Amino acid sequence: MSTATVAEQYRALRQEAAAAVEALKQKPVVWVGTATCGVAAGALKIKEAFEQEIKERGLDVAVLETGCMGHCYAEPMAIIAKPGHVPLCYGRLDEGLVHRLVVDFLDGDDPGYEYALVALEPNDLFPTFSDFPRGVYEEKMILEQCGFIDPGNMDHYLARDGYAAVAKILEMKPEEVLAEVKAANLRGRGGAGFPAGEKWEACRKAPGEQKYVICNGDEGDPGAFMDRGLLESDPHRVIEGMIICAYAVGASRGYLYIRAEYPKAVERVEGAIARAREKGLLGQSILGSGFSFDLEVFQGSGAFVCGESSALVRSMEGKMGIPEVRPPRLAESGFRGCPTVLNNVKTFAYVPAIIMKGADWFRSTGTAGSPGTAVFSLVGKVNNTGLVEVPMGTTLRQLIFDVGEGIPGDKKFKAAQIGGPSGGCLPEAMLDVPIDFDSLQEAGAIMGSGGLVVLNEDDCMVAVARYFLEFTQHESCGKCTFCRLGTRHMLDILTDISRGKGSLESLELLQELCEDVRDGSLCNLGKTAPNPVLTTLRYFRDEYEAHILEGRCPSLMCKDLIVYYIEPKKCSKLCNVCVGSCPTEAIYTRDDGLKAINQEKCVKCDNCLKTCPVEYNAVIKLSPPSLLAEKEGKSK
Amino acid sequence: MSKVTVIIDGREIKAPAGRKLLWVALENGIYIPNLCAVEEYARPPASCRLCFVQVEGREKPVTSCTLPAADGLAVQTRSPRVDRLVRTAFELLLSDHRLQCASCPANRACELQKIARERKLKLRYGRFPYLQREPAPDDSPQTFAFDPSRCVLCGRCIWADQEVAKIGAIGFSRRGINRSVTTFKDVALAESPCNECGLCVKACPVGALYFKKTAESK
Amino acid sequence: MELLEGEKEQILATVDAILNNQPLQKDRLIPVLQRVQAELGYLPGLAMEKIAAAAGVSAVEVYGLATFYNQFRLNPPGKHQLKVCMGTACYMVGGQIALESFERRLGIKEGETTPDRKFSLERVACVGCCTMAPVVVVDENVEGHVTPTRVDGILLSFEGEEGKTRGEAKSPAAVESEAKP
Ligand SMILES: Cc1cc2nc3c(=O)[nH]c(=O)nc-3n(C[C@H](O)[C@H](O)[C@H](O)COP(=O)(O)O)c2cc1C
Ligand code: SF4
Ligand code: SF4
Ligand code: FES
């Protein structure tokens, strides 16, 4: 055992890492974003292409992997850092562009500004992120390094002062660490916004030798991927946060519960744990301090309800993931009956910076009640999809129209679905609501874990409510009466409405049932399942009524209430594409050479509408279907 | 265990501290609807959601099977909010229960009938239509049979099988609306480790598990 | 489901190798089931019984786990797995349409496997590639912007591969698939 102090040991580690990173800076580096979003868009092929071209030219260039920068709409992306130039980021890469960049920039000296998206360091040649409209709003507390470091290489994290917070707390008293987190008023980012400091304190005070720290990376919300992004792109930050928590509460073991559907996150976190262990930052006597803590990954097996805290712990114990009544809370009796802290991935990720920069720094961003930032996965009908981080208190309007740069095409904004299956749909009129735990709750939505889906005029709100209910209905554990059977009847009523078979009475019943399921269910899955229905009933009642009273889907989305129709006036005799596109041969050529649809055969797959050339745009949808007779009558 | 005084529907009752209110009430002749409660559970499942009571000073009803007795705790077994939740839970359970009381072996001994009687609820499909799932019955055991279309998923038979008889023939399987009481791989009970001790049948509050007429029982 | 000759031995050998003669702690049950499924492609009844015995729990308890979690399957999967994403973003831009196209083309419903065991079709919750919606995961590859035409394309790309794979070593699942019409 060495006798070096914690600070000395840390300094040595950091220096070694910094030297390695400095050495890397001496030659050009290509960083390819290979988080799941990048890989899906073809990042591995791009990486290969870089390697191939570089080898062919015999260049001395390193090709490395990095995580997700949050600009998923522009994947696949790469950063080229060449000594003597500002590091530049290029988006929407293909093999041709890779070839040009290697020939002109890496082999030659022309950075190809016309292809660059953004520069990563301030300079006077090319704009940086802060010059973007979204840069004004964005403030990165936890996504800061995502996409800019190699998550597989711990040196990159260490060289940027990674694990300095661990070195710092090991020389503090656990009570002091706790006090700092409490003073920061860090609220849980997994949905409910419970103050992390209070939770930690309860666990610290609970009697028991053995305590556990668990990170909730189950991320089951079907429109959210922030936690995955963070785990894949900057795993050490989460690990560091967990070590600090363990020290504060007195735990010696921890687990990261990660969905099995996130193989890349599992792989990167397991790699990061192994490397942290090698460097003495996990395991016996961390940095020689005498404090021991080790971590392990537990893979969830695909059940949304396992995100709920008691269900998560039961599933780790080898049981069905079925929620239990509280109290006792996990802090008193959690994993294996021991006091346990469970926090979301993002919650842990804030901790290192809070320790290094202090509670005041953290509280200086965001609102008084919800300090810090909010992280969203922005998806749906919005131009800039991806991961965004903005201060709490930013309005939805700023987030969607400034950060997300608005709705694509000439379409009109309709609603923001926030908080996933437990959240709600907020209309245009609510867009100036500031994003924080309490304001959203008041509006009927919830902060949730951070899924934000933008909906436009083509999205039917009955269908959206039905979609989420189908999800919760399918994911209900089935234990308690309200959730198991209540959501089923809610779904049946919504299905009837979307088929034009509802009545105004069924709408009343739906409202009542929603309230009872909310008040009567055992866990928050059931209690919040009605939210998507309740908010759409509150803000978009007219859409429900159009379905019920007129058999019409205003957004032309509910299949049973629309028909496809080819407008003879617009259809061209010279064109034939729709005929081949139809999977059921429902489209025929009329005697006059124009096309028409045999409604009996049509399965409403939307193919003909998609394939009809823009110059004709002859395929349209009609709702209610009775309009067809009218149209056909006229055109004959 | 120290004794405390709780007030149920205005009546002062002495009870051991921490004892769940449902048991205190039942023992003192105050009925609260319940299906899933078994007193020996370390943690009550609280799954049937029928035992709601109104606690003084709290807005929303709470389940009495999870409510520990504490000094001065005052509850009402009925209130408009309690009645509304109990009615909905009851009707939801009925919507997945094949109602044929006249030909049901549990007729007159059924807990659902008792709840209906006590709370003046109708034993008919009402706001929620019958789901008509009707899974196939299993009459493979010699002495009893299992008709899952009457099962209310209270879990009492599983408690009897796993914790009292310690056999492990039946358990919960699947999830959500498909949650059910089954054997391993859904085989017939006669092919399972079941030894027909009959404890599960005695535990069933409805007519889902019942002794065959010919067998000597009850 | 009847096991074919040799399959039983293979299942037992796989489970034995994973259990490694150690008593199984109950909280290792799910990781062990995950490993068995990774090796065999599914959880045969025989494997569940062995695992239950090693953990000292009843078989029906393991069955409960296997039927509760989405990840576990009780039957061998098809040779190619098609997973249609039904996350919010995908659903809103035609995930349902893609799923229906697969169902129509393959003549099976989600959660089923074609009779020739070539394809199995599943719906999955968000795979996290919302920006390429609608998304289908074909074996391990993510396909973005899947229209019904693309569905045809995906299925076509597997046509005629039967001939190519004949000579290869066969996994038990593949043997199974050929034996069963
Ligand atoms: C049905 C359900 C699903 C949940 N899913 C998640 C999840 O995927 N990730 C998460 O961090 N929290 C999830 N939660 C919230 C957790 O129960 C818990 O509150 C949270 O992990 C605590 O961490 P925090 O205080 O840091 O937010 C879920 C809750 C419910 C009821
Ligand atoms: S509310 Fe739903 S998920 Fe929660 S315990 Fe009840 S049935 Fe299970
Ligand atoms: S069979 Fe009877 S005892 Fe068992 S869960 Fe169903 S209703 Fe309860
Ligand atoms: S008896 Fe309390 S919920 Fe069933």
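The structure presented is a predicted model; accordingly, all values stated were derived computationally and were not measured.
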How long is the span from the OG atom in Ser58(C) to the CD1 atom in Ile167(B), to the nearest 0.5 Å?
10.5 Å
Using a cut-off of 6.0 Å, state whether more than 12 heavy atoms not belonging to Asn195(B) lie near its atom CG.
yes
With a 3.5 Å distance limit and no angle check, can you tell me whether Thr67(C) reaches the backbone of Arg174(B) through a side-chain donor-acceptor pair?
yes
Counting heavy atoms not belonging to Gln25(C), are there more than 12 under 6.0 Å from its CD?
no
Taking the side chain as everything from C-beta on, heavy atoms only, tell me whether Phe172(B) gets closer than 4.5 Å to Glu61(C).
no
Whether over 12 other heavy atoms sit under 6.0 Å from Lys8(C) NZ:
no
Close approach to chain C in residues 178-190 of chain B, criterion heavy atom under 4.5 Å
Thr182(B), Thr183(B), Phe184(B), Lys185(B), Asp186(B)
Looking at Arg127(B), I'd like to know if its CZ atom is crowded, meaning that more than 12 non-hydrogen atoms belonging to other residues, nucleotides or ligands lie closer than 6.0 Å.
yes
